[in-house]
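A quick write-up on the structure given underneath.
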Amino acid sequence: MFRKYVLPVLAVAGFVFALWMALQGARPIPPSKPVAEPPKPPYENKISGSGIVEASTRNIAVGTPMSGVVVKLFVSVGQQVKAADTLFVLDDRRERAALALRETLLAEAKAKLERLLQLPRKEELPAARARVKESEANLEDLRMQLGNAERVTVGSAISLEELNRRRYAVQAGEARVAQAKYNLELLEAGAWKPDLALARAEIARAEADVSAASVEIDRLTIRAPVEGSILQVNIRPGEYAQGGILPQPLILMGDLKRLHVRVDIDENDAWRFRSDSSAFAFVRGNPQLKTALTFEYVEPYVVPKRSLTGDSSERVDTRVMQVLYSFNQEELRVFPGQLMDVYIEDHADRAAKPAASEPPGKKK
């Protein structure tokens with residue numbers, strides 16, 4: 001009975017189910033509704049492009065010229081800062097120790113110069129004059145002894161050797177007098193000019209070392225390059241701040257009083273662009289939010305496209321010309337990094353097209 005009735009029924013039911021599934025799969029899938037209605041272009045002839053919002057100063061990635069540990073952080077996200085305001089400070093204990101050492105060397109060099117400028121010491125002059133008088137008195141005594149020796153007969157009262165010794169003693173005494181006088185003159189003359197020049201050069205070098213150490217300390221204090229708002233803070237006290245170019249900036253900032261929109265225009269549409277054309281930008285997700293744009297400048301170098309919109313039909317191997325427009329933030333509340341749809345009026349004359357060239361082998 002099972003084979004006679006149940007199996008045929010199951011087979012028919014399976015066939016019907018398979019046919020129903022095939023019919024269901026063949027039905028067209030209705031397109032899904034967009035999250036928001038796309039904006040309607042305000043121009044009949046237009047150049048469209050995606051734009052990304054950025055600060056009027058561009059988004060500045062603040063870095064540090066030297067690596068080190070952050071000891072103080074003075075700003076937070078959203079804070080308004082002025083140019084040269086302190087953002088954060090790195091550990092500077094080693095540099096301050098080096099500065100103290102160089103300041104000590106500078107003080108030592110200044111003391112040496114001051115000592116040279118104070119020469120001669122008034123305490124040394126009487127002693128030098130006394131040495132001159134002493135040497136002169138000794139010389140006079142030696143001359144008197146030589147005179148007495150020369151008046152007696154050589155060989156009876158004094159030997160020739162003793163007479164010569166007294167003559168040499170007089171010569172030595174004259175040399176000691178001359179040396180004492182020269183020493184007095186040298187002392188009265190004061191410091192030698194080359195010694196003063198050398199001392200001043202040592203002071204200049206020490207001052208340069210102190211200035212260099214102060215600059216090293218100042219480099220560890222990172223300041224705001226321009227007036228603007230803090231957009232990101234990716235560093236905390238106690239963390240190690242790496243110098244150089246980083247994939248994620250330590251601090252991101254920019255001036256948000258007037259925002260810029262960087263519009264990517266496909267290289268195939270670049271010839272149609274004119275700087276005097278009007279332009280509108282629409283906020284994605286709400287086409288009712290729009291604003292007129294003011295032309296700022298064009299970056300004439302065509303670059304590979306980097307800001308992707310996520311569209312499935314978007315080409316990633318294309319090159320774009322970047323055009324900068326601006327608008328006041330009060331007119332439209334958007335944020336840096338936000339994508340916008342931009343439409344630029346096209347004034348290009350489509351009627352003027354170049355004549356098609358004929359193949360080389362074809363003649364009339």
Side-chain angles (χ1 to χ4, degrees), residues 36-62 83 225-229 231 249 252-311 313-357:
E37 290 294 329
K40 295 181 180 179
Y43 311 111
E44 181 179 358
N45 298 324
K46 65 185 184 305
I47 303 173
S48 59
S50 62
I52 186 168
V53 181
E54 62 181 32
S56 58
T57 56
R58 302 193 66 170
N59 301 331
I60 302 174
V62 180
V226 296
E227 181 179 359
S229 300
L231 305 179
L252 190 67
M253 65 168 299
D255 187 4
L256 303 183
K257 294 179 181 178
R258 187 168 182 84
L259 295 178
H260 279 188
V261 181
R262 183 177 296 271
V263 184
D264 290 341
I265 298 179
D266 192 282
E267 59 182 345
N268 297 319
D269 298 328
W271 66 274
R272 298 161 50 196
F273 171 77
R274 287 174 53 178
S275 59
D276 57 349
S277 299
S278 59
F280 273 87
F282 294 81
V283 176
R284 291 192 174 182
N286 188 351
Q288 301 301 322
L289 299 178
K290 63 179 181 179
T291 182
L293 300 177
T294 302
F295 174 78
E296 293 292 337
Y297 61 92
V298 177
E299 292 188 356
Y301 184 69
V302 178
V303 297
K305 187 172 185 178
R306 287 188 295 269
S307 58
L308 304 179
T309 62
D311 190 353
S313 61
E314 187 175 38
R315 292 166 52 198
V316 296
D317 59 344
T318 186
R319 301 178 69 87
V320 294
M321 179 181 70
Q322 294 187 330
V323 183
L324 274 295
Y325 289 92
S326 66
F327 65 94
N328 290 325
Q329 191 180 23
E330 292 77 8
E331 299 175 359
L332 190 64
R333 184 166 178 78
V334 293
F335 302 95
Q338 190 170 348
L339 289 174
M340 303 185 73
D341 294 320
V342 179
Y343 296 98
I344 305 170
E345 189 175 8
D346 181 12
H347 294 290
D349 186 7
R350 287 176 170 75
K353 294 183 179 180
S357 59

TODO: Could you grab the distance from atom NE2 of His260 to atom CG of Asn59, nearest 0.5 Å is fine?
DONE: 11.5 Å

Task: Distance, nearest 0.5 Å, that separates OG1 of Thr57 from CE of Met253 - done: 6.5 Å

- [ ] Mark yes or no for whether Arg272, through its side chain, and Glu345, through its backbone, hold a donor-acceptor pair below 3.5 Å.
- [x] no

Open item on the list: Give me the atom names and distance for the closest heavy-atom approach of Phe282 to Pro287.
Closed with: CD2-O, 3.3 Å

Open item on the list: Could you walk me through whether Val320 and Val303 satisfy the side chain to side chain contact (heavy atoms under 4.5 Å, CB included) test, starting with their C-alpha distance in whole Å, then the side-chain angles of each, then the deciding distance to 0.1 Å, before giving a yes or no?
Closed with: CA-CA 6 Å; Val320 294; Val303 297; 4.3 Å; yes

Open item on the list: In the structure I gave you, are the side-chain heavy atoms of Ile265 and Ile344 within less than 4.5 Å of one another anywhere?
Closed with: yes

TODO: Taking all heavy atoms of Tyr325 and all of Ser277, pick out the closest pair and write down the distance.
DONE: OH-O, 4.5 Å

- [ ] Measure the spacing between CZ of Phe280 and NZ of Lys46 and express it to the nearest 0.5 Å.
- [x] 15.0 Å

Task: Heavy-atom side-chain contact between Asp255 and Glu227 under 4.5 Å - done: no

Task: Contact check, side chains of Asp264 and Gln322, non-hydrogen atoms, under 4.5 Å - done: yes

Task: Closest non-hydrogen atom pair between Ala55 and Leu256, with its separation - done: CB-CD2, 3.9 Å

Task: Nearest atoms (heavy-atom pairs only) where Pro300 meets Val298 - done: CD-O, 3.1 Å

- [ ] Hey, could you give me the CZ/CD distance between Arg262 and Glu54, rounded to the nearest 0.5 Å?
- [x] 4.0 Å

- [ ] Starting at CG of Asp346, measure out to CG of Asn45 and round the result to the nearest 0.5 Å.
- [x] 5.5 Å

Open item on the list: Rounded to the nearest 0.5 Å, what separates atom NZ in Lys290 from atom CE in Met340?
Closed with: 12.0 Å

- [ ] For Arg258 and Ser56, test the side chains for any donor-to-acceptor distance below 3.5 angstrom and give the result as yes or no.
- [x] no

Task: Side-chain touch Val261/Leu324, heavy atoms, less than 4.5 angstrom - done: no

Check residues 329-336 and write down every donor-acceptor pair under 3.5 Å in which the side-chain atom is one partner and the other belongs to a residue at least two apart or another chain.
unit_1, atom_1, unit_2, atom_2, d
Glu331, OE1, Thr291, OG1, 3.2

Open item on the list: Taking the side chain as everything from C-beta on, heavy atoms only, tell me whether Pro39 gets closer than 4.5 Å to Tyr343.
Closed with: yes

Open item on the list: Between Arg319 and Val302 (side chain of the first, backbone of the second, donor and acceptor by atom type, cut-off under 3.5 Å), is there such a pair?
Closed with: yes

TODO: Could you check if a side-chain atom of Leu259 sits within less than 4.5 angstrom of a side-chain atom of Phe327, using non-hydrogen atoms only?
DONE: yes

